[in-house]
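Residue numbers start from 1 in every chain, and the chains themselves are labelled A, B, ... in the order their sequence lines are given, proteins ahead of strands. All values derive from a computational prediction rather than experimental measurement.
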2 protein chains.
Amino acid sequence: MTNERVRTAEPARGGGRPGLRDVAELAGVSHQTVSRVFKDHPRVSAETRAKVLAAAAQLDFRPNAIARALATGSSRTIGVVSFDTTLFGPASMVSAIEGSARDADYFVSVVGLASPSRRSVAEAADRLRGQGVDGIILIPGHVPADQVVRHLPPVLPVVALAPAQTVASAVVDQHDGPLAAVRHLLDLGHTTVHHAAGPTDWPEARDRMRGWRDALTAAGAPVPEPVPGDWSAASGYERGKALALDPSVTAVFAANDHIALGLLLALHEAGRRVPEEVSVIGFDDIPEAAFFSPPLTTVRQDFAALGRRSLALLLDQIGAVGAPAAPAGVVIPTELVVRRSTAPRRT
Amino acid sequence: MTNERVRTAEPARGGGRPGLRDVAELAGVSHQTVSRVFKDHPRVSAETRAKVLAAAAQLDFRPNAIARALATGSSRTIGVVSFDTTLFGPASMVSAIEGSARDADYFVSVVGLASPSRRSVAEAADRLRGQGVDGIILIPGHVPADQVVRHLPPVLPVVALAPAQTVASAVVDQHDGPLAAVRHLLDLGHTTVHHAAGPTDWPEARDRMRGWRDALTAAGAPVPEPVPGDWSAASGYERGKALALDPSVTAVFAANDHIALGLLLALHEAGRRVPEEVSVIGFDDIPEAAFFSPPLTTVRQDFAALGRRSLALLLDQIGAVGAPAAPAGVVIPTELVVRRSTAPRRT
DNA sequence: ACGGTATGAGTTACCGGTAACACTCACGTC
DNA sequence: GACGTGAGTGTTACCGGTAACTCATACCGT
């Protein structure tokens with residue numbers, strides 16, 4: 001072994017970053033006083049505070065968040081477990097969560113999912129717990145949040161960005177939006193509206209389908225068989241090819257904008273003009289939607305609001321002292337954005 | 001004051017989560033031995049290890065990562081400072097970083113930018129430093145990474161996902177891709193290629209423009225004035241409207257796919273067919289690009305590879321003992337993806 | 001039989017903060 | 001003048017791990 005120990009016999013605490021005690025020594029006070037200054041404790045004289053701050057500045061002292069976390073039991077970090085953060089929805093929510101967290105002086109630790117399974121979500125949450133986060137926000141995709149939460153200690157604050165009974169949750173209204181979308185098409189004179197659905201193991205997909213169906217039945221319109229598929233543009237494209245062959249199809253409600261994009265391409269290739277011959281409506285309002293050909297009429301989900309609200313909910317729980325109140329549920333409304341992919345039915 | 005102190009006089013350490021010492025007591029060993037078991041220290045007999053693990057399981061003991069971080073000086077957390085994580089590029093990189101980090105048993109703490117300014121990046125990096133991260137990955141947008149790094153302590157491992165001299169960096173080749181794109185169009189018989197550029201204060205935008213220009217001059221083709229704008233589809237749309245009016249425009253290279261999307265819409269609205277009359281080529285290959293109308297020929301950037309490589313670079317630095325080696329630079333190649341928005345020039 | 005060494009485990013100190021409590025004054029009150 | 005009070009500060013212990021060092025024992029070769 002070569003002697004690689006460089007740790008010289010310094011006058012105590014020489015090498016590393018300065019600590020509370022170094023500042024204290026320099027300022028001629030106790031380390032506790034320095035601690036008080038950095039906690040904004042009221043009972044510190046202005047004079048002392050100034051001395052301490054001067055010493056701290058001179059040493060470029062920065063309080064060690066980890067030591068603080070150990071002593072206080074709070075890491076001021078919240079964990080986010082998310083489904084594919086590459087997608088616009090999750091990415092927007094995570095981004096909004098982080099932004100709000102930053103404003104509240106919290107950090108955000110993100111853990112992605114190895115697979116969209118219950119096990120994977122539970123594992124991710126567990127890792128986060130081990131890391132000492134003060135709370136967790138779940139963006140579980142189609143994994144039922146309630147089941148995941150069962151494996152977590154009940155004292156850990158959790159918010160789900162998905163429907164849930166046993167934990168606080170923030171969700172977008174999945175019923176009124178589809179309703180408005182279908183009504184919009186019906187109002188334009190379409191006798192019915194077809195539905196390119198999302199994967200039926202997703203609650204969102206089921207809710208949107210229900211909204212679509214309710215609007216149709218409420219208007220006494222026939223309810224065509226929904227066309228199943230996944231959330232992708234590729235799936236929308238495949239379904240669009242089939243839909244394009246059916247001349248009776250004049251209006252389609254897609255379960256999200258990506259499906260709508262695929263639809264648009266298939267319709268375009270089949271020579272069926274949008275919106276003149278077929279109206280298409282999406283869901284989400286991704287930033288690109290306004291520049292589809294034609295610009296897509298769609299139902300806007302405010303992902304950012306969702307993220308912000310979920311964080312607020314979580315911080316409430318973290319701040320709450322006593323018994324965990326009944327799980328709060330926030331529902332965010334949607335907004336129909338009419339652009340140019342919908343038009344009156346040609347008579 | 002009502003007596004809210006519920007802290008009952010328990011047999012020592014009653015309330016909170018079990019610690020090393022609780023496990024030790026139950027297993028009849030010293031706390032250090034328990035620590036050894038959880039560190040996978042080799043010098044623990046199989047028998048003792050089993051006893052400890054049994055006790056730990058019984059107590060549902062989980063080592064406290066914060067205490068460990070304080071003792072070891074390493075939090076096994078890396079920080080990511082990123083430009084708008086709502087965008088596909090940054091989102092993909094962060095996601096890939098997190099995935100790789102997870103495999104290496106690291107956590108990722110993401111901090112977004114309040115504004116895309118040098119100050120903001122430096123502040124974010126500073127916050128992360130205060131939180132005790134083991135290293136930082138910078139996705140600084142157009143903010144020069146080198147300048148940000150100057151304010152950071154030289155011992156902190158940093159990797160920039162942007163061109164940089166003074167720190168390790170991982171970037172996509174921004175020259176060959178545009179070159180290939182333009183060559184592709186020239187090979188199709190176009191006499192020249194117009195360029196809907198990105199914002200010129202971005203290095204990427206400048207490099208892509210340079211690649212475009214180089215390809216043109218190398219082929220002896222005339223170099224039209226590049227059309228400036230930002231990265232958005234809206235900007236692409238505006239420029240597309242102008243380009244559509246000029247019948248001499250038969251091929252356009254857009255600095256990214258969003259611009260191309262806007263271009264496509266404007267061209268479509270002006271009645272100029274793509275690719276029959278005008279070829280359009282993008283950059284990035286966002287997932288939607290394959291379903292644009294028509295599917296977009298574009299230059300693929302492998303954001304995920306970028307993220308993975310940057311993390312590998314960072315872990316190398318964290319693992320490296322002695323002097324910081326010369327900053328490594330990784331360049332990831334691009335790939336031209338030919339779809340249907342490009343076609344031979346009509347003669 | 002004896003020193004040398006590897007193995008397995010324990011003891012004590014320490015990481016850098018915070019919390020609880022003790023202490024010293026200055027001040028106001030009766 | 002004794003005493004209660006509150007502001008400002010210091011002392012000591014503790015959060016839950018790890019590191020360094022110590023120690024007892026077993027095994028080895030000679």
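Heavy-atom nearest nucleotides on DNA chain D were determined for Q32(B) and for A67(B), and the one closer to the 5' end corresponds to A67(B). Residue G28(B) is the one, among G28(B) and A71(B), whose nearest nucleotide of DNA chain C lies closer to the 5' end (criterion: closest heavy atom).
For the pair L70(A) CG and dT18(D) C1', the computed distance is 12 Å after rounding to whole Å. For the pair R43(B) CZ and dA6(C) C1', the computed distance is 7 Å after rounding to whole Å. In this structure, H41(B) places its NE2 atom 13 Å from P of dG10(C), rounding to the nearest Å. A straight line from CD1 of I66(B) to P of dT18(C) spans 14 Å, rounded to a whole angstrom. Spacing between atom CG of L59(A) and atom C1' of dG16(C) amounts to 15 Å, rounded to whole angstrom units.
Among residues two or more places apart in sequence or in another chain, the side chain to side chain donor-acceptor pair (under 3.5 Å) test is passed with S45(B) by T48(B).
The side-chain tip of R127(A) points at the ring of F107(B) from less than 6.0 angstrom away and within 45° of straight on.
Residue-to-nucleotide contacts include a donor-acceptor pair under 3.5 Å from the side chain of R21(B) to the base of dG17(D). Under 3.5 Å, the side chain of R36(B) and the base of dG10(C) form at least one donor-acceptor pair of N or O atoms. Residue H31(A) places a side-chain atom within donor-acceptor reach of the base of dT12(D), judged by atom type and a 3.5 Å distance cut-off alone. For R62(B) against dG16(D), a side-chain-to-base donor-acceptor contact under 3.5 Å is absent.
The nearest pair of heavy atoms linking P327(A) to A168(A) is CB-N, 3.5 Å.
Remark: K39(B) is in phosphate contact with dA19(D), judged by side-chain N or O atoms under 4.0 Å from OP1 or OP2. Not one side-chain nitrogen or oxygen of T72(B) sits closer than 4.0 Å to the OP1 or OP2 atom of dC15(C). For the pair T33(B) and dG8(C), the criterion of a side-chain N or O lying under 4.0 Å from OP1 or OP2 is not met. Regarding contacts with the backbone of dT9(D), every side-chain N or O of S30(A) stays at 4.0 angstrom or more from both OP1 and OP2. S45(B) has no side-chain polar atom (N or O) that falls below the 4.0 Å cut-off from OP1 or OP2 of dG8(C).
Considering only heavy atoms from C-beta on, V133(B) stays 4.5 Å or farther from I78(B) through its side chain.
Formation of a donor-acceptor pair under 3.5 Å by the S35(A) side chain with backbone atoms of T33(A) is not found in this model.
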